[in-house]
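Before any comments, here is the structure.
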Amino acid sequence: MKVYSPRRDFVIVEDYFSDTQAAEWLALIEALGSDALRGFHHPFVRPNRFHKAPKYPVKKFMCLGLYWNPEDYRYLDRLPYNQERPFPIPEEMKNLAQEILSQFFPWHDFVPQSVLVNFYTKDSSMGLHVDKDEEDKVSPVIGLNFGSTCRFFYEDEKGVMLDIRIPGNSIYIFGGSARLMRHGLGSIYTNTLSPGSEEFLQNKERVNLTIRQVFSKARA
Ligand SMILES: O=C(O)CCC(=O)C(=O)O
Ligand SMILES: [Fe+2]
């Protein structure tokens, strides 16, 4: 494992997952993602003044727990396109989040309420943005990364945009003074699949999960 902080309150842990662990997480994501009603889909996004037929920036997407609606940026209990309830966040993923925080980030009462799963391919990227659709804007965001390495842009303490490479089998956490930093995704590098993902992902594919607390007070 290699632990480092590109800026204050932004922690990256490379080689966090072994190849067997990565394969187990990817098998779980594939199983959930292949469900026709609640699994991966390409979300609708609203036309805007620049794009008559905009596309969501990743190939496919799903949520566990609360659904983040890419159309209006709100969190929902049910999928807006078929009124199903999303899959709940698996217990082992909730436990993983607690374990990650206890090891690498000083935060105690984190309640995972939504997991956004983004599936990137060679044409995917994600523009600079701030994760600010959560009512709770202080609980950290935990990212799990599998597959290809990507270029990750982030804002430092002075507001300067910098970039780093985020490989598969790594995690990142941003909270505290980094919780509202701007960030975005650039290119995905070729021939960088991390060990354990070969069975599930092709060259230039990447899966990212972000585990979030959405509401300020845990909901029953
Ligand atoms: O893919 C990533 O690492 C980040 C995704 C992201 O920024 C988001 O879903 O808000
Ligand atoms: Fe984000």
Between His42 and Phe61, ring centroids under 6.0 Å: no
Sub-4.5 Å side-chain heavy-atom contact between Val11 and Tyr4: no
With no hydrogens and no angle check, is any side-chain donor or acceptor of Asn82 less than 3.5 Å from a backbone partner on Leu37? yes
What is the distance from atom CD of Gln213 to atom CG of Leu66, rounded to the nearest 0.5 Å? 11.0 Å
Are Tyr154 and Phe10 close enough that their ring centres sit under 6.0 Å apart? yes
Answer whether the closest heavy-atom distance between the side chains of Ile173 and Trp107 falls below 4.5 Å. no
More than 12 foreign heavy atoms under 6.0 Å from NZ of Lys60: is that the case here? yes
Salt bridge (charged side-chain N to carboxylate O under 4.0 Å, His left out) involving Glu157 - partner list, sequence neighbours excluded: none
Using the rule that Ile, Leu, Val, Met, Phe, Trp and Tyr join whenever any side-chain heavy atoms are under 4.5 Å apart, tell me whether Tyr120 and Tyr189 fall into a single cluster. no
Could you check whether any side-chain heavy atom of Pro140 comes within less than 4.5 Å of a side-chain heavy atom of Leu101, counting everything from C-beta outward? yes
Take the angle between the ring planes of His183 and Phe174 and call it parallel below 30°, perpendicular above 60°, tilted in between. tilted
Donor-acceptor contact below 3.5 Å, side chain Arg7 vs main chain Ser177: yes
Beyond-backbone contact of Tyr67 with Met62, side-chain heavy atoms, under 4.5 angstrom: no
For Tyr75 and Glu134, test the side chains for any donor-to-acceptor distance below 3.5 angstrom and give the result as yes or no. yes
Can you name the residues that form a salt bridge (charged side-chain N to carboxylate O under 4.0 Å, His left out) with Asp163, not counting sequence neighbours? Arg151
Any non-hydrogen side-chain atom of Gln98 less than 4.5 Å from a side-chain atom of Pro112? yes
Taking atom CD as the centre, does Glu135 end up with more than 12 heavy-atom neighbours from other residues, nucleotides or ligands that are less than 6.0 angstrom away? yes
Linked, directly or transitively: Ile89 and Trp68 (ILVMFWY side chains, under 4.5 Å): no
Mark yes when over 12 heavy atoms from residues, nucleotides or ligands other than Glu84 sit less than 6.0 Å from its CD; otherwise mark no. yes
Give a yes or no on whether the backbone of Ser139 and the side-chain of Arg179 come within a donor-acceptor separation of less than 3.5 Å. yes
Tell me if the CZ atom of Arg78 is crowded by more than 12 foreign heavy atoms within 6.0 Å. yes
